[in-house]
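One-based numbering, in listed order, for ligands and for the atoms of each.
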Amino acid sequence: MVWPAGEVAFVTGAASGIGLGIARALVAAGASVALADIDGKRLAEIARELTEAGGSVAAIELDVSDAAQWEAAADRAEAALGPVSLLFGNAGVSGGGRIEDTTLDVWRWVQKINIEAQFIGVATFLPRFKARGGRAHILNTASMAGLVPMVTQGAYVASKFASVGFSMVLRDELEGTGIGVSVLCPGTVATRLGVTAPEAEAKLLGADLDVSIVERNSALLATGADPDQVGKQVLDAVRDGQFLIITHREWAPLVERVHAEQSRAFTEFEGRHGVDATAQMLASGIHIDQA
Ligand code: NAI
């Protein structure tokens with residue numbers, strides 16, 4: 001059997017888009033999948049579809065932003081399918097618009113779902129992985145917005161940069177444990193994000209849904225990659241132990257512009273503070289792939 005056949009995965013945001021693509025790829029590879037999502041109705045439909053396709057799945061209704069729900073959700077998943085050894089912290093939302101138009105409630109809502117929930121997921125499952133031993137893997141879905149700033153997406157960009165940093169530290173801290181870490185930074189993928197996020201934001205604010213935003217975002221996303229193909233790519237990358245997973249090469253020049261600005265900033269100033277021993281100390285403990 002080729003890993004992860006016979007393993008159990010826990011996928012958040014599994015009722016739609018990239019999470020569903022990952023779940024489908026896992027089922028095709030012979031893994032059991034706990035499908036976790038806030039949308040109970042779609043979750044039931046997806047669970048039925050995957051079961052009919054011969055998959056072993058469990059529908060786990062979970063609001064990832066509610067820390068109090070996680071342990072029970074993990075227990076339900078493990079009671080139904082067995083010990084989990086793969087965690088995909090994938091659920092996410094965008095919202096808020098320009099920073100000056102973003103309310104604190106919306107800012108916090110985006111951070112709670114996109115990054116705090118990834119931490120809670122790790123806090124829930126990492127002790128279980130360690131207690132059980134053996135190979136395990138944690139993947140966090142960030143975004144190109146975790147590597148490149150995007151105007152009108154301030155709350156989202158902040159949460160996704162945080163997800164990339166969180167994943168980098170987690171990778172270093174789990175080096176040599178048999179627990180791999182990946183961070184997925186997709187470009188545009190044809191999912192329902194343009195609908196699910198504005199709907200949830202309108203509900204949060206008690207406001208009417210802005211149909212023009214839904215139409216604009218959905219039209220843009222519709223041009224993106226097939227989420228099922230992304231799911232297959234993700235599974236191959238996880239199998240290979242790849243850390244940073246990129247879906248679209250077209251973003252490279254933008255990422256390079258960010259890096260070039262950072263590199264320039266190190267040469268265009270007078271060094272006036274002497275040697276920083278912290279940097280020298282950290283240099284030996286950071287496992288950025290140099291190849
Ligand atoms: P989607 O909207 O199709 O799927 C997201 C799923 O997450 C939905 O089923 C939704 O019900 C669920 N969800 C939302 N809030 C939740 C909560 N509080 N608790 C549990 N589940 C919740 O969107 P998509 O695109 O598949 O998004 C998945 C991830 O991919 C997100 O983290 C998103 O930021 C990221 N991403 C998406 C890109 C795209 O172009 N679609 C590009 C880069 C990153």
Side-chain angles (χ1 to χ4, degrees), residues 10-25 34-47 59-70 73 77 88-96 106 108-118 120-121 124 139-148 150 153 155-164 166-167 182-204 214 217-231 233-234 244-248 250-251:
F10 190 97
V11 183
T12 72
S16 176
I18 295 171
L20 176 54
I22 292 170
R24 286 188 173 130
L35 307 158
D37 204 287
I38 198 169
D39 185 341
K41 189 163 165 280
R42 276 186 67 86
L43 206 50
E45 288 164 13
I46 298 300
I60 309 289
E61 207 168 321
L62 167 69
D63 176 354
V64 293
S65 68
D66 182 356
Q69 295 184 22
W70 269 87
F88 294 84
N90 167 77
V93 290
S94 57
V106 169
R108 284 185 175 150
W109 171 70
V110 171
Q111 309 310 318
K112 280 183 88 166
I113 294 173
N114 290 9
I115 177 63
E116 193 174 299
Q118 292 184 344
I120 300 168
T124 304
L139 177 138
N140 296 314
T141 300
S143 169
M144 271 301 139
L147 302 174
V148 173
M150 297 177 191
Q153 299 285 328
Y156 187 71
V157 167
S159 72
K160 295 300 187 180
F161 267 70
S163 173
V164 172
F166 171 60
S167 304
S182 300
V183 62
L184 170 63
C185 291
T188 310
V189 184
T191 70
R192 297 176 62 253
L193 190 63
V195 181
T196 51
E199 271 181 5
E201 184 181 357
K203 197 168 152 199
L204 176 83
V214 171
N217 290 351
S218 298
L220 190 71
L221 287 180
T223 64
D226 175 354
D228 289 343
Q229 292 301 326
V230 172
Q233 181 193 351
V234 164
L244 183 57
I245 308 172
I246 300 292
T247 59
H248 292 79
E250 294 72 19
W251 291 86

Heavy atom of Thr141, distance to ligand 1 below 4.0 Å
yes
Check Val189 against Ala225 and note the closest heavy-atom contact, atom names and distance.
CG1-O, 3.3 Å
Tell me which one of Ser16, Ala91, Ala15, Gly146 gets a heavy atom nearest to atom 4 (O) of ligand 1.
Ser16
How far apart are the closest heavy atoms of Ser143 and Pro186, and which atoms are they?
CA-CD, 3.6 Å
Closest protein heavy atom to atom 29 (C) of ligand 1, given as residue, atom name and distance to 0.1 Å
Asn90 O, 3.1 Å
So which protein heavy atom does atom 19 (N) of ligand 1 come closest to, and at what separation?
Val64 N, 2.9 Å
Below the 3.5 angstrom mark, is there an N/O of Val189, backbone or side chain, next to an N/O of ligand 1?
yes
Are Trp70 and Thr12 packed together at the side-chain level, in the sense that at least one heavy-atom pair is separated by less than 4.5 angstrom?
yes
Side chains of Ile245 and Leu139: does their closest heavy-atom pair fall under 4.5 Å?
yes
Taking the side chain as everything from C-beta on, heavy atoms only, tell me whether Asp39 gets closer than 4.5 Å to Ser16.
no
Non-hydrogen atoms of Val164 and Ala142 that approach each other most closely
CG2-CB, 3.8 Å
Counting heavy atoms only, which of Ile38, Asp63, Ile18, Thr247 comes nearest to atom 16 (C) of ligand 1?
Ile38
Which heavy atom of Ser218 sits nearest a heavy atom of Val195, and at what distance?
OG-CG2, 3.6 Å
Quick one: are Glu201 and Val93 in side-chain contact, heavy atoms under 4.5 Å?
no
In ligand 1, the atoms that come under 4.0 Å of a heavy atom of Tyr156 are 33 (C), 34 (O), 35 (C), 36 (N), 43 (C), 44 (C)
Work out which heavy atom in Ser159 is nearest to a heavy atom in Val110; give both atom names and the distance.
OG-CG1, 4.0 Å
Measuring from the heavy atoms of Lys160, does anything fall under 4.0 Å of ligand 1?
yes
For atom 2 (O) of ligand 1, what is the nearest protein heavy atom, given as residue, atom name and distance?
Thr196 OG1, 2.5 Å
In ligand 1, which numbered atoms sit nearer than 4.0 Å to a non-hydrogen atom of Gly17?
3 (O), 26 (O)
At less than 4.0 angstrom from any non-hydrogen atom of Arg192, what atoms of ligand 1 do you find?
2 (O), 3 (O)
If we only count N/O pairs under 3.5 Å, is Met144 in contact with ligand 1?
no
Where do Gly19 and Val11 come nearest, in terms of heavy atoms and distance?
O-CG1, 3.7 Å
Side chains of Lys112 and Val64, heavy atoms from C-beta outward: is any pair under 4.5 Å?
no
Run the numbers for me: atoms of ligand 1, each under 4.0 Å from some heavy atom of Ala142, listed by number.
35 (C), 44 (C)
So the atoms of ligand 1 within less than 4.0 Å of a heavy atom of Ile113 turn out to be 18 (N)
With heavy-atom distances below 4.5 Å as the criterion, would you say the side chains of Asn114 and Ser163 are in contact?
no
re atom 7 (O) of ligand 1, the protein heavy-atom contact at minimum distance is Gly13 CA, 3.4 Å
Identify, for atom 27 (O) of ligand 1, the protein heavy atom at the shortest distance, and state residue, atom and that distance.
Leu193 CD1, 4.2 Å
List every atom of ligand 1 that sits less than 4.0 Å from any heavy atom of Thr188, numbering the atoms from 1 in the order shown and giving each element.
40 (O)
If you measure from atom 38 (C) of ligand 1 to every heavy atom of Gly187, Gly40, Ala197, Gly231, which option wins on shortest distance?
Gly187
I'd like to check whether Asp39 has a polar contact with ligand 1, where a contact means an N/O of the residue lying under 3.5 Å from an N/O of the ligand.
no
Note, Ile46 side chain near Asp37 side chain (heavy atom, < 4.5 Å):
no
Identify the closest protein heavy atom to atom 24 (P) of ligand 1: which residue and atom is it, and at what distance?
Thr191 OG1, 3.4 Å
Got an N/O contact under 3.5 Å between Ser65 and ligand 1?
no
In ligand 1, which numbered atoms sit nearer than 4.0 Å to a non-hydrogen atom of Leu62?
19 (N), 20 (C)
What is the closest protein heavy atom to atom 10 (C) of ligand 1, and at what distance does it sit?
Asp37 OD1, 3.5 Å
Any heavy-atom pair between the side chains of Gln233 and Gln229 that's under 4.5 Å?
no
Check ligand 1 against Ser143 and write out every atom of the ligand that is under 4.0 Å from a heavy-atom position of the residue.
43 (C), 44 (C)
